[in-house]
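As the structure is a prediction and not an experimental result, all values here were calculated from the model.
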Amino acid sequence: MDKNREIISELQNFFSTNTIDKTVIAVLTALGKITLRHKTIGVEKNPNCKFTIVQILKLVILFPFFSVKNSFHYAESGLGKLFKCKKDMFYRFMNNGDIDWRRILYSLVRRLLKFTQGDDAKGKQPRCMIIDDTDLPKRGKRTEGIGKVFSHTDMRSRLGFKAMFLCLTDGISQQMLDFTLQSEMGKNPDKPQGMSPKELAARKSHTRKENAPAETRKQESLATKIKNAIAMLRRAILMGISFDYLLVDSWFTCAEIVKFIHSRHIKCHFLGMAKMNNAKYKTKLGITNAPDIIKRLCANGNVKYSRSTGYHYAQLDATYASIRVRLFFYQKGKCPWNALLTTDLKLDARKAFRLYSMRWCIEVAHKEMKQLLNLDKSQSTNFAGQIASISVTIIQYNILCYVKRKESYQTI
């Protein structure tokens, strides 16, 4: 291939509509619309390489759409016969700690959001930001920065990372905006990250510049999830991405995030599941906790039934962390009561229920990225390689979401 040619246009010319799946054509068309500059990636190409940095990135993005499992299997694939190169080119690219993957992600997402602007029922659908994390279990103990993290799914510690994602949805499709790779120090000071001194010494370590993107992400991995969640939200707002509600589960419902959302100038609101614990709320019933509030509301006959949702519900205004909030309580059958907390005092129980149900799309996204796009399958021992692998998976997922939105028929 001549190094001055465009990979996407060559592929579209090579394949006819009779020999390639319609979905792949749509993916190529979408990828062809996205223009990237070398300055966005942050590095220059290797003088000995006939491919530019942008071309290498586009080839990596195309892997799953041409049944290329990973870089090792590229040379023997159909894509490898068209654009001949060795696996080492991809390894060097993915392990390059100077590539600013966060900048690349936002550059691509902003273009895709611009293409779909006005598709969300003329702006009537609320735009919701979602934060959630998922486990990325690993086997090798030599991976840079690896340790044990507590899995809330298995209720035990597992070797690997946690990936925390920031997602934007309008009820039709979603786009992953940002992520952090999280480590946990653990409770035992003699075994940081659940690793023995011998295991810590055996882990890979790479020397990078202090301001290198990969080094920044590595230091970020040791910060708390609450701190990183607020940082991701702040970056998204600074990038000009607006939203109406932040949806989170009970783990992220805390005073710090509620205060942050309440103080934003874009007039967004918080909506999250509140823990049924001893957290105090100032209400007309006095200063009390959520279990006591619903107990007293039931005793006073303030519980109603919704036929549309099949839940019993109740609501009460309160003050939490010096902020006026509204509490919603829901119960299905004889199950325990669950609570939602929001800073939107105009929201009613039914609309809050429907809005919060939109949070499930990020759980589906985690499953799809793991099963279809190999989210947790990277075997790189380089922390930069782990960041690159997740970033490429997010790009692939975002492009597929855009294609599905454009190609799938939607009724009026």
Tell me whether [X] is salt-bridged to [Y], with the criterion being a basic N under 4.0 Å from an acidic carboxylate O.
X	Y	answer
Asp135	Lys162	yes
Lys267	Asp344	no
Asp88	Arg92	no
Glu144	Lys204	no
Glu220	Lys225	no

Do the non-hydrogen side-chain atoms of Asn277 and Asn289 ever get within less than 4.5 Å of each other?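 In short, these two side chains do not touch, never coming nearer than 4.5 Å.
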
Between Phe161 and Thr143, is there a side-chain heavy-atom distance shorter than 4.5 Å?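 Of all side-chain heavy-atom pairs linking Phe161 with Thr143, at least one is under 4.5 Å.
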
Determine, using ring centers only, whether Phe165 and His366 are less than 6.0 Å apart.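 Between His366 and Phe165, the centre distance is under 6.0 Å.
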
Less than 6.0 Å separating the ring centroids of Trp101 and Phe383? no

Criterion salt bridge (Lys or Arg N to Asp or Glu O under 4.0 Å) on Asp132 and Arg359, from CA distance to verdict: CA-CA 9 Å; Asp132 196 26; Arg359 198 198 70 84; 3.6 Å; yes

So how far is it from Leu327 CG to Gln315 CD, rounded to the nearest 0.5 Å? 10.0 Å

Pairwise distance CD(Gln219) to CD(Glu210) - rounded to 0.5 angstrom: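 Result: 8.5 Å between the selected atoms.
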
Parallel, tilted or perpendicular: which one describes the rings of Tyr330 and Phe328, with boundaries at 30° and 60°?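 Tilted, since the angle between the ring planes falls between 30° and 60°.
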
How are the rings of Tyr311 and Phe353 set to each other: parallel, tilted or perpendicular (split at 30° and 60°)? tilted

Short side-chain to backbone donor-acceptor contact, Thr342 and Phe270, under 3.5 Å: yes

Checking Arg158 side chain against Pro137 main chain: does a donor-acceptor pair fall under 3.5 Å? no

Looking at Asn95 and Gly385, what are the two nearest heavy atoms and their distance?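 For Asn95 versus Gly385, the nearest heavy atoms are OD1-CA, 3.4 Å.
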
Candidates Asp376, Thr134, Thr393 - the one meeting side-chain hydrogen bond (donor to acceptor under 3.5 Å, both in side chains) with Lys370: Thr134

Could you check Ser308 against Ser306 for side-chain hydrogen bond (donor to acceptor under 3.5 Å, both in side chains), going step by step and ending with a plain yes or no? CA-CA 5 Å; Ser308 61; Ser306 171; 3.0 Å; yes

Cationic tip of Arg264 above Phe260 ring, under 6.0 Å, 45° of axis: yes

Taking ring-ring contact (aromatic ring centres under 6.0 Å, His included) as the test, write out the residues that go with Tyr245, two or more places apart.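 Here the qualifying residues are His269.
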
